[in-house]
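Have a look at the structure below, then the notes.
Numbering starts at 1 and runs along the sequence shown. Since this is a predicted model, take the numbers as computed values, not measurements.
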Amino acid sequence: MKGILFDLDGVIADTAVYHFQAWRKLIKNHFNRELPAALEKQTKGVSRNDSLTAILNYLDIKVSAADFQEMTNEKNKIFRELLASLTPQNILPGISDLITQFKEHDVKLSLASASLNGPYILEKLQLNSAFDAIADPSKVMAGKPAPDIFLAAASAINVELQDCVGIEDSIAGIKAINSASAFSVGVGAKNELGEAKLLFPNTSYLNYQQIVQAWQNFNQNSN
């Protein structure tokens, strides 16, 4: 195991809640409509454009291309305002220790997030120096569940996909890791992330030795 491809929202920090808060505020401002909590799943782990498309489809609202772009920019502004108070205290339980263990074993870390704010968030969490690379979601052809962002993240640290583990909390992300032929580790409920090769109920359960052992077993059985 030479590389770890980390999702960000819901894995490193719970910034996913800020995303949906920003979408709710945006939709309230523009259309005076409320977004149900159940819609959050459709916006989890996917790009800003795909999230807005899902929201507008749900509301059965059509906007021009120019208005669509303006709304995504406005949402990002709201989101960054919400992130202003982010500190290392917002790192999810178990993640700091896990990163330390990866670094001690010379495993390279690469960020594979759909968020264009990845570098900013890592800086706020004081984790930017821990990562060897950050894949740029604006430069990949397709967002999750397509494998593109994970392919880019592995390429950025010059590690083969079969030597990588991807950690995700969304079904779109797990599908993307599996499509990329990396080993998928899910964080969440089995009924949602059953396609993950290894599953932990939350980040506090993430365990370096278990991940290594499961990755080794998977590769031995695959060969």
Side-chain angles (χ1 to χ4, degrees), residues 1-16 45 83 86-115 117-137 144 147-170 173-174 176-188 190 193 195-223:
M1 191 177 75
K2 298 176 183 176
I4 300 294
L5 316 176
F6 267 101
D7 178 42
L8 177 54
D9 296 331
V11 173
I12 295 175
D14 194 12
T15 47
L83 290 178
L86 209 63
T87 73
Q89 297 299 314
N90 295 101
I91 298 171
L92 286 169
I95 293 298
S96 293
D97 288 342
L98 187 67
I99 286 175
T100 297
Q101 287 183 298
F102 286 141
K103 301 302 282 186
E104 286 174 349
H105 289 86
D106 296 321
V107 179
K108 291 183 178 179
L109 305 185
S110 189
L111 193 70
S113 171
S115 175
N117 293 296
Y120 175 70
I121 293 170
L122 288 184
E123 186 180 331
K124 296 289 285 184
L125 298 173
Q126 296 178 20
L127 286 176
N128 45 328
S129 62
F131 278 76
D132 299 284
I134 299 174
D136 185 349
K144 303 170 188 177
D148 303 33
I149 192 71
F150 287 98
L151 299 175
S155 176
I157 52 174
N158 199 29
V159 176
E160 297 293 328
L161 267 305
Q162 63 266 28
D163 296 328
C164 288
V165 168
I167 305 179
E168 266 281 359
D169 73 321
S170 72
I174 294 298
I177 296 168
N178 290 340
S179 295
S181 300
F183 182 80
S184 57
V185 173
V187 178
K190 188 171 184 178
L193 304 180
E195 294 180 36
K197 300 294 188 292
L198 177 64
L199 187 64
F200 295 92
N202 60 57
T203 58
S204 65
Y205 286 85
L206 284 165
N207 180 284
Y208 172 80
Q209 292 299 341
Q210 276 184 261
I211 292 171
V212 172
Q213 190 62 57
W215 172 82
Q216 288 175 338
N217 291 343
F218 175 76
N219 279 280
Q220 285 168 3
N221 293 333
S222 299
N223 294 331

Of all heavy-atom pairs between [X] and [Y], which one has the smallest distance, and what is that distance?
X	Y	result
Ala156	Ser110	CB-OG, 4.4 Å
Leu111	Ala153	O-CB, 4.0 Å
Pro137	Ile149	CA-CD1, 3.8 Å
Glu168	Ile174	CB-CD1, 3.8 Å
Cys164	Ala182	O-CB, 3.7 Å
Met1	Val212	CE-CG2, 3.6 Å

Point-to-point distance, once rounded to the nearest 0.5 Å, from [atom1] of [X] to [atom2] of [Y]:
X	Y	atom1	atom2	answer
Asp163	Ile4	CG	CD1	11.0 Å
Asp169	Leu8	CG	CG	9.5 Å
Gln209	Gln213	CD	CD	8.5 Å
Leu161	Ser179	CG	OG	10.5 Å
Thr15	Asn117	OG1	CG	9.0 Å

Do [X] and [Y] touch side chain to side chain, with heavy atoms closer than 4.5 Å?
X	Y	result
Thr100	Lys103	no
Trp215	Lys197	no
Ile211	Phe200	yes
Val107	Val165	no
Tyr205	Asn207	no
Leu5	Ile177	no

With a sphere of 6.0 Å drawn around CD of Gln210, does it hold more than 12 non-hydrogen atoms of other residues, nucleotides or ligands?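 Yes, because the 6.0 Å sphere around CD of Gln210 holds more than 12 heavy atoms from other groups.
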
Has Asp14 got more than 12 heavy atoms of other residues, nucleotides or ligands less than 6.0 Å from its CG?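 Yes - once you tally the heavy atoms of other residues, nucleotides and ligands closer than 6.0 Å, there are more than 12.
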
Using the test side chain to side chain contact (heavy atoms under 4.5 Å, CB included), find all partners of Pro93 that sit at least two apart in sequence or belong to another chain.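 If we apply the side chain to side chain contact (heavy atoms under 4.5 Å, CB included) test to Pro93, skipping adjacent residues, the hits are Thr203, Ser204.
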
Taking [Y]'s backbone N and O only, do any of them form a donor-acceptor pair with [X]'s side chain (distance below 3.5 Å, no angle check)?
X	Y	value
Asp132	Leu109	yes
Asn217	Ala214	no
Asp9	Ser115	no

side-chain contact (heavy atoms from CB on, under 4.5 Å), that's the test. Do Ile91 and Ile99 meet it? Break it down for me. CA-CA 11 Å; Ile91 298 171; Ile99 286 175; over 6 Å; no

Distance-only donor-acceptor pairs under 3.5 Å for side chains of residues 118-131, two or more places apart:
| residue | atom | partner | partner atom | Å |
| --- | --- | --- | --- | --- |
| Lys124 | NZ | Ala84 | O | 2.8 |

For Phe102, enumerate each residue passing the ring-ring contact (aromatic ring centres under 6.0 Å, His included) test, keeping only those at least two apart in sequence or located in another chain.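 For Phe102 the ring-ring contact (aromatic ring centres under 6.0 Å, His included) partners, ignoring immediate neighbours, are Tyr208.
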
Side-chain donor-acceptor pair present, Gln101, Asp97, cut-off under 3.5 Å: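 Gln101 vs Asp97: no donor-acceptor pair found between side chains.
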
Evaluation steps, side-chain contact (heavy atoms from CB on, under 4.5 Å), between Leu206 and Val185: CA-CA 9 Å; Leu206 284 165; Val185 173; 4.0 Å; yes

